[in-house]
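None of these values were measured; they are calculated from a predicted model.
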Amino acid sequence: MRHPFQKAFNIRRHEIVPVFLAVFYFFCVLTALMVLRPAREALGMQGGIDAVRWLFVGTAVITLAVNPIFGWLVSHLPRRLFITATYLFFSFTLLVFYSLMTLTPEVIGVTTGQVFYVWFSVFNLFVTMVFWALMADRFSFDQGKRFFGLIAVGGTLGAIFGPWLAGRLAEPIGTPALLLVSAGFLVLALIAAWVLTGLQPHNPAERKDPEDPPAVDEHERIGGSAWEGFRAVFKSRYLMGIAAYVVILAIMATFIYFTRLHMVAAMEDSTDLRTTLFARIDLITQVATLVMQALVAGHLMKRLGVSLTLALLPLTAALGFIGLAIVGSFAALVVLEASFRAVQRALMRPARETLFTVTTREEKYKAKAFIDTFVYRAGDVVGAQTEGLLARLGMGLAAIATVAVPLALVWAGLALWLGKSQRQKAIAASPMIQGTRGEPRHDIP
């Protein structure tokens, strides 16, 4: 007889430990990020909102430069080692920033804040990209549909715990010490990743269920070129579709982001008060995400399928921008951002990550790295410059809505196409997909 916990989350006994480790892993990653994020926002605004738009360009350039380096690591190192190298590199840079802030506090200013802003943006993209790439490699297509929503809860809990922890520790230990706290959680995330990969089957005989992920030799190198991620995206309609989906996602998120910056800048002049406002918005967003994950995310992808789940975020964006253009208040912005982020993190992100469960291992790490870092930041740049142009022309929220709403409709159509393409790839890879209770079936919900 299955335990109520197993029934509630549609999880088998031998899957409980790997899923728990994945939840803990994501919790540590998001805690490491969110401990620092409110300060990143406030520091970035010191040079003005126009400067933030150019920081987006700088971030895109840096992510493009870093991608071949990450691709080389993926090609030449076993999975555990390139994950370790990535996380230890960012932990080391946290220690460098900590040393600068404590040993030479006089150098901290607008320029340093902007450097930290760009670095944090790259840090954020790469550590989360590595996490989800490993999830797509560690769990099968069926497991991704069942577990990625649950695993995302770990990230939401970390995103709530991080700002709370920062608020509790900033005064007694000082803001610079938060960088050490972030580094510590990155190390914990790395330990969880090592244990999680150790539990994956290493040869086909270890697989207990047809729906288990394929066996992976931890000493095996993925191989290929450092530039393969670039080429793979442009050679595949499916990966190009994912890239287009991500670009539109980034543009929409950037429209919301700069609308928030404008409203907060108009309300407060103090960096500390702005940090507080940003932290409050983040807290509301994370709580809304957690509520959605707890109530609907666990079963929604199974019931609606990946296509409709991916299309929910475009629908939310379209309705939200229409409402914001009509009301135009800070409260309406908070509602839009909270609902957008909640649907993005609770529903869309797990569904989008399942798209990579039907790709090759090289595409999971290299092409995904290119899409989730440079392509995403390129979308940021397009969104930031478009919003800046509308602002310079003196056009307000209504103008942004006239751009965002039609774009959201295109985005929704793309979501439906991606879900259909994923089903076709899954069927082509395995003519008989196993049901969630082990019975064979030929359809994929």
Side-chain angles (χ1 to χ4, degrees), residues 60 63-75 79 82 86 125-126 128-141 144-145 148 213-214 222-253 301 305-311 313-314 344 348-383 407 410-430 444:
T63 55
L64 180 61
V66 171
N67 260 280
I69 300 174
F70 181 78
W72 185 91
L73 291 175
V74 173
S75 297
R79 180 173 65 175
F82 69 71
T86 303
L125 289 174
F126 270 93
T128 52
M129 177 276 299
V130 168
F131 168 80
W132 282 113
L134 178 57
M135 294 303 103
D137 197 24
R138 174 59 182 79
F139 295 100
S140 66
F141 170 73
K145 290 194 299 177
F148 281 5
I222 292 177
S225 165
W227 299 90
E228 190 58 35
F230 298 77
R231 290 196 289 263
V233 171
F234 293 105
K235 289 191 299 185
S236 166
R237 289 181 60 201
Y238 183 68
L239 293 176
M240 281 286 287
I242 297 175
Y245 187 93
V246 168
V247 166
I248 300 176
L249 165 65
I251 291 173
M252 292 294 189
M301 204 186 321
V306 174
S307 297
L308 293 179
T309 306
L310 287 173
L313 188 59
Q344 178 190 359
M348 185 281 294
R349 188 65 189 261
R352 180 166 74 86
E353 298 306 334
T354 66
L355 297 176
F356 286 96
T357 60
V358 295
T359 61
T360 66
R361 295 193 71 214
E362 191 168 26
E363 291 170 344
K364 284 180 173 68
Y365 290 102
K366 295 181 183 179
K368 181 173 174 54
F370 178 64
I371 291 171
D372 284 5
T373 58
F374 174 71
V375 170
Y376 188 93
R377 284 310 179 201
D380 279 346
V381 172
V382 172
L407 191 59
V410 175
W411 193 15
L414 186 58
L416 298 178
W417 180 83
L418 283 171
K420 179 181 178 181
S421 298
Q422 184 203 40
R423 288 195 298 271
Q424 292 172 345
K425 280 181 168 289
I427 292 172
S430 179
I444 305 174

Review point. Does the side chain to side chain contact (heavy atoms under 4.5 Å, CB included) test come out yes or no for Glu228 and Lys235, once each step is laid out?
Key: CA-CA 10 Å; Glu228 190 58 35; Lys235 289 191 299 185; 3.6 Å; yes
Review point. Using the ring of each side chain (for Trp, its six-membered ring), is Trp417 parallel, tilted or perpendicular to Tyr238, with breaks at 30° and 60°?
Key: tilted
Write down the atom of [X], the atom of [Y], and the distance for their closest heavy-atom approach.
X: Gly419; Y: Val306; result: CA-CG1, 4.5 Å
X: Tyr245; Y: Leu310; result: OH-O, 2.7 Å
X: Gln344; Y: Pro350; result: O-CD, 4.4 Å
X: Leu125; Y: Arg377; result: CD1-NE, 3.1 Å
X: Tyr376; Y: Ala253; result: OH-CB, 4.1 Å
X: Ala415; Y: Ala311; result: CB-N, 3.7 Å

Using atom types as modelled and distance alone, determine if a side-chain donor or acceptor of [X] lies under 3.5 Å from a backbone N or O of [Y].
X: Lys364; Y: Thr359; value: yes
X: Tyr365; Y: Ile222; value: no
X: Ser236; Y: Val233; value: no
X: Glu353; Y: Phe148; value: no

Can you tell me how far apart [atom1] ([X]) and [atom2] ([Y]) are? Round to the nearest 0.5 Å.
X: Met252; Y: Trp411; atom1: CE; atom2: CH2; answer: 6.0 Å
X: Thr373; Y: Asn67; atom1: OG1; atom2: CG; answer: 3.5 Å
X: Lys368; Y: Ile242; atom1: NZ; atom2: CD1; answer: 8.5 Å
X: Gln422; Y: Ile427; atom1: CD; atom2: CD1; answer: 10.5 Å
X: Arg79; Y: Leu73; atom1: CZ; atom2: CG; answer: 15.5 Å
X: Phe70; Y: Met129; atom1: CZ; atom2: CE; answer: 4.0 Å

Review point. Taking only residues two or more places apart in sequence, or in another chain, which ones meet Phe131 in a ring-ring contact (aromatic ring centres under 6.0 Å, His included)?
Key: Tyr25, Phe26
Practice item. Would you sort out whether Val382 and Val247 count as a side chain to side chain contact (heavy atoms under 4.5 Å, CB included), showing the intermediate values? Key: CA-CA 9 Å; Val382 172; Val247 166; 5.7 Å; no
**Study point:** Criterion side chain to side chain contact (heavy atoms under 4.5 Å, CB included) on Leu414 and Val410, from CA distance to verdict
**Key:** CA-CA 6 Å; Leu414 186 58; Val410 175; 5.6 Å; no
Decide yes or no for [X] and [Y]: does some side-chain heavy atom of the first lie under 4.5 Å from some side-chain heavy atom of the second?
X: Phe356; Y: Ile371; value: yes
X: Phe230; Y: Pro68; value: yes
X: Arg352; Y: Val246; value: yes

Study note, to complete from the structure: By salt bridge (charged side-chain N to carboxylate O under 4.0 Å, His left out), Arg361 pairs with (sequence neighbours left out) Asp137
